[in-house]
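Throughout, a chain's letter reflects where its sequence line sits, starting with A, and its residues are numbered from 1.
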There are 2 protein chains.
Amino acid sequence: MTLDTLDRRILDLYQRDTRVPSERIGAAVGLSAAAVQRRLKRLREAGVIVAETAQLDCRALGLGVTAIVHVDLIDESARAAHAFRDRLVARSEVQQCYGVAGSIDYVLVVIVPDLAAYDAFCADCLLHDANVRSFTTHVVLDAAKRGGGLAVPQA
Amino acid sequence: MTLDTLDRRILDLYQRDTRVPSERIGAAVGLSAAAVQRRLKRLREAGVIVAETAQLDCRALGLGVTAIVHVDLIDESARAAHAFRDRLVARSEVQQCYGVAGSIDYVLVVIVPDLAAYDAFCADCLLHDANVRSFTTHVVLDAAKRGGGLAVPQA
DNA sequence: AATGAAATTTATGCCGG
DNA sequence: CCGGCATAAATTTCATT
């Protein structure tokens with residue numbers, strides 16, 4: 001799918017706040033509300049818009065601990081790595097999961113109520129896994145930016 | 001602010017897809033559509049719902065490179081760390097920024113069109129900064145989960 | 001504090017250009 | 001592919017319990 005400049009400008013506005021009316025977006029980009037909606041629909045169907053979600057305040061929900069976890073695997077073959085990944089992605093505590101190049105194999109963002117829950121998560125998913133060589137935990141002290149929008153290239 | 005079981009169940013549904021009608025949420029939790037909306041409004045005003053955003057497909061936008069960057073600072077004092085953090089958070093390439101405990105000081109998720117843009121970002125924000133002792137880049141090969149919802153505790 | 005209905009706003013579908 | 005209008009749906013407000 002090809003995105004024109006209008007699509008990009010719409011996305012740039014829309015991604016930050018999905019509640020802004022199409023009419024306002026249209027006014028900003030020089031299009032009618034109907035045209036904006038047509039494009040948003042197309043962008044959803046094409047998978048450019050992956051999801052429309054709400055970002056919640058972890059603290060208010062009693063999710064007091066965020067940890068960034070580095071995992072080093074023993075067997076890094078595709079089969080073994082995918083098995084590991086699929087198990088982690090299925091866990092609700094794992095908010096993000098990235099397979100990376102370099103000295104480590106996976107980076108996770110884990111969000112849990114407290115350290116006891118984090119401990120339980122590690123026991124379940126990491127300590128218990130024969131393919132995990134080692135892992136390192138970095139407890140987040142200051143979540144300065146949790147899910148900023150993307151820098152939509154206007155080119 | 002205090003969240004009851006109904007609030008938590010509403011949030012659990014709503015955070016994954018903000019486009020599901022309040023009537024359907026109400027049917028799921030045993031409330032009228034109006035009651036669901038009143039609660040959502042309260043949750044927004046209280047800051048429990050931080051933002052309502054769209055998740056976009058990086059590839060489709062031409063954002064082909066995601067990197068996880070570890071930064072080690074020289075001066076970790078609050079003043080110096082905040083200065084560093086504030087500068088980074090203001091950059092649109094920095095999608096996430098966490099101050100962490102442990103052997104490193106900050107973890108960033110940086111999303112850019114290509115490696116040239118990543119190089120430019122590093123030059124601007126990291127190499128150029130006298131307070132950055134060192135940094136390590138982990139290029140993401142497989143973004144298995146980019147922004148999963150939270151595991152809303154139903155307690 | 002929730003419900004139901006009315007009023008407003010927002011989104012969707014269709015048609016002519 | 002756009003704009004405008006008609007229709008439908010969703011959200012907000014208000015009165016009531």
*Test side chain to side chain donor-acceptor pair (under 3.5 Å) applied to A:Thr53 and B:Arg16, B:Glu52, B:Gln15, B:Gln55, the passing residue*: B:Gln55
*Between atom CZ in A:Arg24 and atom C1' in C:dA11, what is the gap in whole Å?*
16 Å
*Starting at the 5' end of nucleotides 2-17 of chain D, put B wherever the base has a protein heavy atom under 4.0 Å, S where only the sugar-phosphate does, and a dash everywhere else.*
BBB-----SBBS----
*asked:* Applying the salt bridge (charged side-chain N to carboxylate O under 4.0 Å, His left out) criterion to A:Arg133, which one of A:Asp75, A:Asp105, A:Asp72 satisfies it?
replied: A:Asp72
*Are A:His70 and B:His70 linked by a side-chain donor-acceptor pair shorter than 3.5 Å?*
yes
*asked:* Closer than 3.5 angstrom, by distance alone: can the side chain of A:Arg8 be matched with the main-chain N or O of A:Pro153 as a donor-acceptor pair?
replied: yes
*asked:* With a 3.5 Å distance limit and no angle check, can you tell me whether B:Arg9 reaches the backbone of B:Gln154 through a side-chain donor-acceptor pair?
replied: no
*What is the distance from CG of A:Leu40 to C1' of C:dT12, rounded to the nearest Å?*
12 Å
*Rounded distance in Å - CD1 (B:Ile25) to C1' (C:dA2)*: 17 Å
_Could you check whether any side-chain N or O of B:Asp7 sits under 3.5 Å from a backbone N or O of B:Asp4, counting only pairs where one atom can act as donor and the other as acceptor?_
yes
_Separation of C:dT12 P from A:Leu43 CG (nearest whole Å)_ = 13 Å
